[in-house]
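Report on one structure; see the data block that follows.
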Amino acid sequence: MAEVFLDSAGPRARFRSHRTAKFTESVIRDMTRQASRRGAINLAQGFPDFPAPDAVKQAAREAIAADANQYAITWGAKLFREAIARKYRAGYGLEYDPETEITVCCGATEGMIASLLAVTNPGDEVIVFEPFYENYRPDALLCGAESRLVPLRPPEWTFDVEELRRAFSPRTKAIILNSPNNPTGRVFTMRELAAIAELAQEFDALVITDEIYEHILYDGVIHHPMATLPGMRDRTILVNSMSKTWSVTGWRVGWVLAPPDLTDVIRKVHDFLTVGAAAPLQEAGIAALSLPDEYYRSLAEAYTRRRDFLAGALESAGFTCYRPQGAYYILCDISRFGFPNDVAFVARLIEQAGVAAVPGSSFFSSPERGRQIVRFCFCKSQQTLSAAADALARLRT
C-alpha cells in the first residue's frame, strides 16, 4: 500500500480546516517533548514536579472509592459549584449564584475557548495584550474572530492607554485580560484595570479574565478581579482553574463565572465540547477550596523563594531578568549572549547546559519582537532548581 503524506499543498489539502492554517502546535508543549528526548531539565512548561497537597489527593482517592465515577451535572457538581461560590464571596466579596452563574469546565483552557465560542461571531474582534499566552490567538481564530494586539512594554510590561483605546472599534466583542500575567509576571494595577473597564463600557465590550495565577503573588502585590470594579460585574467572564494553585495541572478541572445570560450560552458550548469535567476530581476540588488561608500564604512564600533562587542563578549565568510580580515564570533578555534569535539560543541551551526554556518569539505575533527573549518557569522542586542552577553555571565557562 502506498504511503500517504499529509502535504498542505498536496491532493489531501482539502481535508485540512482553513481555520487551523494560521497557527502551529504549541511551542511550550513541544519544548517539553524536546526536554524529554534530550534528558534536559524542563524549565519550559509550567507544571510542578512536586506533590499536590495530601488532603486534596486523599479527597480524590476517597471520591473514587465511593464510586463518584459517573457523570456529574454537565455544568459541575452542585457541591463543588457551591464551594466555588463561597471562595469568591469570602475572598473578594463577589456573589455568584452556583445554579445560574458558575460552569465547571475541563480546565481554564476549555473555559477560555468555551467562553469565546459562546460570545463571539465570525468577524468580531478580540483584544489581546502582547506578549500573550500562546492559546489566546488560536482560540480567537477557531472562533472566526480577529485578534487586535496591544503591546505590553518592558521593563514594567505596561500598556499605553491611548494605544489600547485605538485597538477598540465597533467590532470589538471582548478583551482578554490575564493577570497575574503569563509570560511577563505582570499584575495589573487598579489604575490599569480601571482604564480597561472604562473602555469596555464605552465600547460595549466584555472582559474575559484568565485569573489562574491569582494566589501566586510576590512582594505585597494584590490581585484584583476585574468583576469587582464598578460596572464590570455583568461585563466580566472570569476563567480559573485548580491547576496552578493546587499543583494539579493534569486534573483539568476549572470554572467560568459569568452573569446568567452569558452562563447560559457558555454552558451550551461546554456541554457539546466536553460534556463535563471529571466527577471524582470535582469532589476533591471541594477539599481544595476548603483549605485555610494559611495554605495560600505558604504557597506565595514558597514560590517567592523559588523565584529569587532561579532569578539569582540566571543573573549569575549572564541573563538579564524581568522579575515577576506574580505567576511562576521569568522572562529573560539574552542579547548579551550574541545569538541571532531565541530559537537558536534555546536549542544551544538544551545541548550545552541540559536546560529547556521557551523561545520568547512564541509569545508574539511577529517572531522578531521576541527574538532576544526566553521564558523559564520555576514551579519546580528545590532539587530541580538547584540542578538547573548548576547546569546554567556552565554558560559562564
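Judged as a salt bridge (Lys or Arg N to Asp or Glu O under 4.0 Å), not a single pair has a partner in residues 343-354 (not counting sequence neighbours). Annotation: salt bridge (Lys or Arg N to Asp or Glu O under 4.0 Å) contacts involving residues 157-170, sequence neighbours excluded, comprise R153-E163, R165-E202.
Counting only heavy atoms from C-beta outward, the side chains of N341 and S361 never approach each other to under 4.5 Å. Inter-residue side-chain proximity for W157 and L331 is flagged as met; some heavy-atom pair is nearer than 4.5 Å.
The closest donor-acceptor contact from the side chain of R137 to the backbone of E134 lies at 3.5 Å or more, if one exists at all. In this structure, the side chain of R375 does not engage the main chain of V358 through any donor-acceptor pair within 3.5 Å. The backbone N or O of I373 lies less than 3.5 Å from no partner atom in the side chain of D333, so there is not a single donor-acceptor pair. Looking only at distances, a side-chain donor or acceptor of Q282 sits under 3.5 Å from a matching main-chain atom of A277. Side-chain atoms of S362 come within 3.5 Å of backbone N or O of P359 as a donor-acceptor pair. In this structure, the side chain of R235 does not engage the main chain of V207 through any donor-acceptor pair within 3.5 Å. Between the side chain of D390 and the main chain of A387, no donor-acceptor pair closer than 3.5 Å is present. In terms of modelled atom types and a separation under 3.5 Å, the side chain of S381 and the main chain of D49 share no donor-acceptor contact. For the pair S298 (side chain) and Y295 (backbone), a donor-acceptor distance under 3.5 Å is absent. A distance-only check finds a donor-acceptor pair linking the side chain of S17 to the backbone of R19 [under 3.5 Å].
Interatomic distance, CD1 of I175 versus CG of L177, reported as 6.5 Å (0.5 Å rounding). For the atom pair CG of N42 and SG of C377, the computed distance is 6.0 Å after rounding to the nearest 0.5 Å. Going from atom OG of S247 over to atom CE of M242 covers 10.0 Å, rounded to the nearest 0.5 Å. Here the OH atom belonging to Y218 is positioned 9.0 Å from the CG atom belonging to D308, to the nearest 0.5 angstrom.
Of the charged side-chain nitrogens involved, at least one lies within less than 4.0 Å of a carboxylate oxygen, so that R323 and E315 count as a salt-bridged pair. Between R307 and D219 there is a salt bridge, since a side-chain N of the basic residue sits under 4.0 Å from a carboxylate O of the acidic one. Using a cut-off of 4.0 Å between Lys/Arg side-chain N and Asp/Glu carboxylate O, R33 and D30 are scored as salt-bridged. Salt-bridge formation is detected for the pair R233/E101: a Lys NZ or Arg NE/NH1/NH2 atom is positioned less than 4.0 Å from an Asp or Glu carboxylate oxygen. Under the 4.0 Å criterion applied to side-chain N and carboxylate O atoms, R148 and E130 are not assigned as salt-bridge partners.
Residues L217 and W246 fall into different hydrophobic clusters, defined by Ile, Leu, Val, Met, Phe, Trp and Tyr side chains chained together at heavy-atom separations under 4.5 Å.
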Please assess Y303 against Y328 for the test ring-ring contact (aromatic ring centres under 6.0 Å, His included), listing each intermediate value before the final yes or no.
-> CA-CA 7 Å; Y303 271 121; Y328 49 48; 5.3 Å; yes

Are F309 and F378 close enough, and set up right, to give a ring-ring contact (aromatic ring centres under 6.0 Å, His included), and what steps lead you there?
-> CA-CA 9 Å; F309 179 85; F378 53 90; over 10 Å; no

Applying salt bridge (charged side-chain N to carboxylate O under 4.0 Å, His left out), run through D54 and K57 and close with a yes or a no.
-> CA-CA 5 Å; D54 287 338; K57 292 187 292 184; 3.7 Å; yes

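By the side chain to side chain contact (heavy atoms under 4.5 Å, CB included) test, E192 is found to be paired with T158, F159, R186, F188, T189, residues two or more places apart in sequence or in another chain being considered. In terms of the side chain to side chain contact (heavy atoms under 4.5 Å, CB included) criterion, residue partners of L229 (sequence neighbours excluded) are, by chain and number, M190, L193, A194, A197, M226, M232. A327 pairs by the side chain to side chain contact (heavy atoms under 4.5 Å, CB included) definition with P180, Y213, Y329, not counting sequence neighbours. Applying the side chain to side chain contact (heavy atoms under 4.5 Å, CB included) criterion to A195, with sequence neighbours excluded, gives V161.
Cation-pi contact between K380 and F47: present, with separation from the ring centre below 6.0 Å and deviation from the ring axis of at most 45°.
Donor-acceptor pairing under 3.5 Å is recorded for the side chains of E110 and T274. Counted by atom type alone, N240 and E214 present one or more donor-acceptor pairs between their side chains at under 3.5 Å. Donor-acceptor pairing under 3.5 Å is lacking for the side chains of E368 and S366. Donor-acceptor pairing under 3.5 Å is lacking for the side chains of Y96 and W255.
Between F345 and F337, the ring planes are tilted. Angles from 30° to 60° get that label. The aromatic rings of Y133 and Y136 lie perpendicular to each other, with more than 60° between the two planes, well past the 30° mark.
Counting non-hydrogen atoms of neighbouring residues, nucleotides and ligands closer than 6.0 angstrom, the CH2 atom of W251 exceeds 12 such neighbours. For E82, the CD atom is densely surrounded, since the number of other residues' heavy atoms within 6.0 Å is greater than 12.
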